[in-house]
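A short worksheet on the structure shown next.
So you know, we letter chains A, B, ... as the sequences are listed, proteins then strands, and number each from 1.
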Amino acid sequence: MYLVLDSVRKEFDNKVAVNDLSLEVPRGVIYGIIGPNGAGKTTTIRMIMNIIAPDSGRIIFENQEADRNFTDRVGYLPEERGLYKKMTVKDVMTYMAELKGKRFAEIEDRIDPWLERMDLLDYKERKVEDLSKGMAQKLQFLTTILHDPDVVILDELFSGLDPINIELIKDILLELKRSGKTILFSTHVMEQAEKLCDHICMISSGKKVLDGKMAEVKARFGKGTIQIEIDGDGSFVRTIDGVASVTEFPNYLELRLGKGANPSAILKQIVDKVAVTRFQLSEPSLYDIFIDTAKVSREQLMGEGEEAHHG
Amino acid sequence: MAKFWVIFKREYTQVVKKKSFLVGIFLTPALMAAFILLPGLLATTEQSEPERVAIVDRSGMQLGERFAEEVKRYTITEDEIEAYRIVEIFELRTTEGERYTELIDSLSQVIQDKGVKYVLAFRPNPQLSDTNLTLITNSDDFRAINRFERTLTDIVSSIRLQESDVNLPVDSVLTLTNRIDLQIRDTKGESIPFEVKYFSALAFVMLIYAMIVSYGSILMRSVIEEKSSRIMEVLLSSVTPFELMLGKVLGLGAAALTTVVVWVVLGGLIMVGTGGTVVAISDSISRVVFNPVIVTFFVLFLVSGYLLYSTIFALIGSILNSEKESQNYIFPIVIFLMLPVIVGIGVVRDPYVIWAQVMSYIPLFSPTMMIMRIMFIAPTETSYSLFSGIVFEGTVSFLLVVAATLLMTWISGRIFRIGILMYGKRPTLPELMRWVRHK
């Protein structure tokens, strides 16, 4: 295994932030740490990055205790991001790479192509304060990967990113994965994780709820979910036999089926009452899996997600 | 260690690259020079008519006559008019002490009535001690004082040479031609160089103060910037908190030191370029500004004082969240540096006064208090030794500052590593103590 967390634990003022968490991250995958805010994701990542020391447990990289050599091989983008406003784009990129132990000559040739790709080449000699918010986001991501790290760790990657940048960065992450890099990111936005991850680990209140390959996790829960879009009031579906639970999304409903329920029979009952514009039998979403396993309510999950994060 | 240099390099270049740095290098000494010289320069307005001088000569060797003759060489520019008109020479016998005192008293009145500007009073045996040569005036025109001293030096040196053995070794000859240090006092009997000493000491102390406070607050602001913009977390994923703190403290310190080195080199060039006599600066000032003991201790206290205070600034920066908050914290720090200046007048009167001595050994006061005392005491000492006198005092005080700096670096480092990741509520003192003890 490439990167291993072995019973890592951290307490703050007698409150357990991370509770004997063990993870195994294989090489060359996109690995998502998923959970509501306050679950301990940021603390876990900070311990991996050696910013705070675990109270107990070990972090092992390539079969060795992770040390400064490891953190130098990591590109790290924290949730709260900032750059030196008075430095030029080029100087910031150089400085951050030098802090990772690179000499300017080693990264010089990488600067222009990356700026070009991010559409920032014209700003190379400009100060960071001249950049728009979207540009600054792209630059922050560039400083994370410029030193050609083997592992990229992104905390709450999608928070605050504008949609265009999300697509741009997703593309780059997939490219990095293809070239053998390992990407570890945390998010409370499950849909994002669902689209991007090969592996996931769900944590809640500092504890691991479940982990594994995305496909395996989903298979474990079977095709027991119906997504429907209807015209009209759908509140009656809760009362249909065989429907274990209902999750309402703005545009559609998601029904978890009980054991042995017949999807066709359920569809028939719905069609009798309202017009159905879409009906899909599918794997459960990560939300549903999370709610089922962690025994937290959807409201709790969503609500906490909106709050300010205190790591 | 390599990471430390990356931080060091950035902190240094970020300051040195700024235009304000270059401006400061040249503007500060100019302001300082103005501060020291202005009182004198204001008095030295362009001379348009001869200045009246009276001489009371009790030397018994026609010193007054000879002075009157020699001082004729000074004329008002272009016009061939004499610069100093000797209105009267009162030649007394060496024994007429009572008459001498009476004359001085009445001539002091004449000075106040603007009848004459200068009264030179010569007592017997001027070749033996400078204290037998007095200048009474209410003016602090450095040029006139300088000229009088030079003239008297020529005369008294030749008297000394005549009286002495012709086959003297060179050293002794140099002693014989020692420059005269006129005892100057105004009509109230106070000595004039008080202002010279006070203003040059004040200028040096203000310089130390300004360097420490300006670079200290740059440091504090830069820590707060990294904290509030959340760059801190990225930095800490690459370097240890201690590397970060040290890189910042020493990087900015190097920038401050660069300024000082430029000044010392410039000062040295001026010295060499003018052949030791500094143009337009009174002799008593150049004796202070270019005294090796003073210059050495100035650099030592500037460096150690900066390091001591900057670790405190780093500590405070690490526990604050915004630059706005920091304003409240600069003042309590600054007061330690300023207090010696505020009580400075007392130190000028008596640099050995007990509270000044005590203060100069308290590390937070030392950088300003000790240098002030050194500036008053060092020029009066005829020889220096590491184990006695002011050099000894200064060395002990400097070592105490070094010790305090090491202790403070350790404490600040402990608080810094936790503070930089804490947002929100400011920690209380007991919490800070716990951080220091935390493993």
Proximal to chain A - members of residues 222-234 of chain B, heavy-atom separation under 4.5 Å: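 Checking residues 222-234 of chain B against chain A gives B/E225, B/E226, B/S229, B/R230, B/I231, B/E233, B/V234.
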- request: Answer with side chain, backbone, both or neither: which region of B/I418 has an atom nearer than 4.5 Å to a non-hydrogen atom of chain A?
  value: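 It is neither, since no heavy atom gets under 4.5 Å.
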Segment of [X] engaging chain B (4.5 angstrom heavy-atom cut-off):
X: A/I52; answer: side chain
X: A/R68; answer: side chain
X: A/L83; answer: backbone

message: Is the shortest side-chain heavy-atom distance between B/S237 and A/I51 below 4.5 Å?
response: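 The answer is yes; the side chains approach within 4.5 Å.
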field: Side-chain heavy-atom pair B/L235, A/Y95 within 4.5 angstrom cut-off
entry: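 A side-chain contact under 4.5 Å exists here.
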task: For atom CZ of B/F336, decide whether the heavy atoms of other residues, nucleotides or ligands shown that lie under 6.0 angstrom number more than 12.
output: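 Check fails, neighbour count at 12 or below.
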- request: Check the surroundings of atom CD1 in B/I335: do more than 12 heavy atoms from other residues, nucleotides or ligands lie under 6.0 Å from it?
  value: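 It does: B/I335 CD1 has more than 12 such atoms within range.
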query: How far apart are the closest heavy atoms of B/S238 and A/D72, and which atoms are they?
result: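 Answer, listing the atom of B/S238 first, then A/D72: O-OD1, 4.5 Å.
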- prompt: Can you tell me how far CG of B/L421 sits from CZ of A/R46, rounded to the nearest 0.5 angstrom?
  reply: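 Reported value, rounded in 0.5 Å steps: 5.0 Å.
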query: Hey, what do you get for OG1 (B/T13) to CG (A/D91), rounding to the nearest 0.5 Å?
result: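 It comes to 7.5 Å.
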- prompt: In terms of heavy-atom pairs under 4.5 Å, which option from A/M96, A/M87, A/K86, A/R81 contacts chain B the most?
  reply: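 The candidate making the most pairs under 4.5 Å is A/M87.
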- prompt: Of B/R10, B/K9, B/K3, which is the lone residue that meets salt bridge (charged side-chain N to carboxylate O under 4.0 Å, His left out) with A/E98?
  reply: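 That would be B/K9.
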